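Step one of this worksheet: look at the structure below.
Every heavy atom of this structure was used, including side-chain atoms; hydrogens, water molecules and symmetry mates were not. Here the structure is a predicted model, which is why all the values come from computation and not from measurement.
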Amino acid sequence: MQGGVSGFQNAPVTRAVVLASGLLSVVFSAQRRARALVLSYQGIVKNFRLWRIFASGFAFQSTPELLFGMYLLYYFRVFERQIGSNKYSVFGLFTISMSLLLEILSLVLLKDTNYLSTLACGPYGLIFASFIPFFLDIPVTSRFRIFGVNFSDKSFIYLAGLQLLLSSGKRSLIPGICGLIAGSLYRLNVLGIHRMKMPQVIASFFARFFAPSSGGSSRPSRSLVGNMTSRTGRTVQNHLPSGFAPVVEPPESSIAMLISMGFDGNAARQALMRARNDINAATNILLEAQTR
């Protein structure tokens, strides 16, 4: 949306994952070694090739999987903006690791059957784990009908996820299910994962090397960002009617939706109060405030 944060701004971890996934997919595809990336009981458990576990966690095997995977990874950057890059990196590391562990476990359990011998590669864990907060936290802002069928603005994300889930049949179905389980475990705060943080040196690494440059600088000035935030907040505050208390406290899901668009949390709350929790009207107020 115009006026919101675009591209990978405030999402350096997502940018690093997208770059790593894209580069590894292209390199292995160019060398015609994409088939070597698939997870198999023979390659992982018997031969214990750890490099294959790492590579298969990021690189896609086919072009359609790569396109849909990149699209979903890029869209889900909204969660990094909501919870911050440090917590999002913990979320990514936990879900990818947990999903890979579950995938290897499934290979071990099914090794004596003809049902499954290999699994599709790619960051399925991170992608499908992100569908848990997408379903629970992102509100529907618009609905429409196509040929008599009801859709929402979230439908196309679900369709892209379904396409990726079924892209390789049961070989991609199992990793997708493992990703959903990993996302659910994170949601349930298993092992107290919500309290964990990445070391500052790692957080600084992502912020320094993967934050998109703006105006010739690797990262925006803190004072400039602070001035812009406070100015937007003051402008939105001026929109609030004097002498009236807010009717209803804005729901956190609506505030999170506006934050995912790149707006300041305090300004988003004030705009929703002014718009009586109408998210579209609040967006217009915020956009108008940014143009002043």
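Looking at heavy atoms from C-beta onward, T14 lies out of side-chain contact with F76 at the 4.5 angstrom threshold. Side-chain contact check for E80 versus R15: every heavy-atom pair is 4.5 Å or farther apart. Taking 4.5 Å as the limit, every side-chain heavy atom of F94 sits out of range of all side-chain heavy atoms of L126. Between P251 and S254, the closest side-chain pair of non-hydrogen atoms falls below 4.5 Å. Side chains of R187 and D137 form a contact here, defined as non-hydrogen atoms less than 4.5 Å apart. Contact annotation: the side chain of R77 never approaches that of L73 to less than 4.5 Å [non-hydrogen atoms, C-beta and beyond]. The shortest distance between side-chain heavy atoms of S21 and P123 falls below 4.5 Å. Looking at L119 and S106, their side chains come closer than 4.5 Å, going by heavy atoms from C-beta outward.
Checked against a 6.0 Å centroid threshold, the rings of F68 and Y71 do not count as neighbours.
Under the ring pair (Phe, Tyr, Trp, His ring centres under 6.0 Å) rule, Y186 has a single partner from F128, F131, F79, F91, which is F91.
Rounding to the nearest 0.5 angstrom, the gap separating the CD1 atom in I157 from the CG atom in L162 is 13.0 Å. How far NE2 of H194 is from CG of N189: 4.5 Å, rounded to the nearest 0.5 Å. Here I127 contributes atom CD1 and I96 contributes atom CD1; the two are 9.0 Å apart, rounded to the nearest 0.5 Å. Between F60 atom CZ and L164 atom CG the span is 5.5 Å, to the nearest 0.5 Å. Between the CD1 atom in I193 and the OG1 atom in T95 there is a gap of 9.5 Å [rounded to 0.5 Å]. With rounding to the nearest 0.5 Å, the separation of CG in L136 from OG in S184 is 8.5 Å.
No donor-acceptor pair under 3.5 Å is formed between the side chain of N150 and the backbone N or O of R145.
Clustering ILVMFWY residues whenever any of their side-chain heavy atoms sit less than 4.5 angstrom apart, transitively, puts L188 in the very cluster that holds M98. The hydrophobic clustering, which links ILVMFWY residues whose side-chain heavy atoms are closer than 4.5 Å, places L93 and I181 together. Tracing side-chain contacts under 4.5 Å through hydrophobic residues (I, L, V, M, F, W, Y), one never reaches L23 starting from F58; they form parts of separate clusters. Clustering ILVMFWY residues whenever any of their side-chain heavy atoms sit less than 4.5 angstrom apart, transitively, puts F144 in a cluster other than the one holding I138. Under the 4.5 Å side-chain heavy-atom criterion for Ile, Leu, Val, Met, Phe, Trp and Tyr, Y74 and L67 are members of distinct hydrophobic clusters.
With no hydrogens or angles considered, no side-chain donor-acceptor pair links S172 and E65 at under 3.5 Å. Side-chain contact check for E103 and S99: at least one donor-acceptor pair (N or O, by modelled atom type) lies under 3.5 Å.
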V18 vs F8, test: side chain to side chain contact (heavy atoms under 4.5 Å, CB included). Steps then yes/no. CA-CA 10 Å; V18 169; F8 290 105; 4.2 Å; yes
Quick one, K154 with F134, criterion side chain to side chain contact (heavy atoms under 4.5 Å, CB included). Give me CA distance, side-chain angles, the key distance, then yes/no. CA-CA 9 Å; K154 298 174 65 174; F134 176 73; 3.6 Å; yes
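Contact record, V13 with S85: CG2-O, 3.7 Å, taken as the closest heavy-atom pair.
More than 12 non-hydrogen atoms from other residues, nucleotides or ligands lie less than 6.0 angstrom from OH of Y158.
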